[in-house]
Asks: 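Here it is, the structure, as structure tokens.
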Amino acid sequence: MIKQSAPIEKYSTNWMQNLDGRTAVAQELRQRHSNLCDDLGGYPSLSYQQRAMIDRAIFLEFHLQQQELILATGADFDSGKWVQACNALSGLFAKLGLNRQVKEVTSLSQYVKQAS
């Protein structure tokens, strides 16, 4: 992993949207992000804190799967780092919630009133 000597000058909360959408990794991460947001009631209903934790959870999940591929191919695997990342992911999921949340939907008549 590359060590960064100084903090990034400006962090963008939509870093995932800035990934090259033609790559399989970007497409997979965006799909996972969408699925998790939907399970938690939809992106518009999420707080800033939830959105930040979702970004980290998606990244950690991807990182863990990459480490598991390393293990499966017999390459050098650090089980301690894997356990640490797995515990971090478990903590994020515990904070976000493990159950699906109902997405609030407006009635058709309310939608028409708002549109006009």
Asks: How long is the gap from CG on L40 to CD1 on I54, to the nearest 0.5 Å?
Replies: 5.0 Å
Asks: C86: what forms a side chain to side chain contact (heavy atoms under 4.5 Å, CB included) with it, not counting sequence neighbours?
Replies: L64, W82
Asks: In Å and rounded to the nearest 0.5 Å, what is the NE2 to CZ distance from H63 to R56?
Replies: 15.0 Å
Asks: List in chain and number order the residues that pass side chain to side chain contact (heavy atoms under 4.5 Å, CB included) with E61, two or more places apart in sequence or in another chain; answer none if no residue qualifies.
Replies: R32, I58, Q65, L89
Asks: At what distance, to the nearest 0.5 angstrom, does CG of L71 lie from CG of D76?
Replies: 10.5 Å
Asks: With side chain to side chain donor-acceptor pair (under 3.5 Å) as the rule and sequence neighbours excluded, what pairs involving residues 86-97 come up?
Replies: none
Asks: How many angstroms lie between atom CZ of R30 and atom CG of N35, to the nearest 0.5 angstrom?
Replies: 14.0 Å
Asks: Under the rule for salt bridge (charged side-chain N to carboxylate O under 4.0 Å, His left out), what residues qualify as partners of E68, not counting sequence neighbours?
Replies: none
Asks: According to side chain to side chain contact (heavy atoms under 4.5 Å, CB included), who are the partners of A75, at least two apart in sequence or on a separate chain?
Replies: I70, T73
Asks: Got a second to check how far L96's CG is from Q49's CD, nearest 0.5 Å?
Replies: 11.0 Å
Asks: Residues two or more places apart in sequence or in another chain: which of them pass side chain to side chain contact (heavy atoms under 4.5 Å, CB included) with Q66?
Replies: F62, L69
Asks: Tell me, yes or no, whether the heavy-atom count around Q84 atom CD, taken from other residues, nucleotides or ligands under 6.0 Å, exceeds 12.
Replies: no
Asks: Rounded to the nearest 0.5 Å, what separates atom CD in Q50 from atom SG in C37?
Replies: 9.0 Å
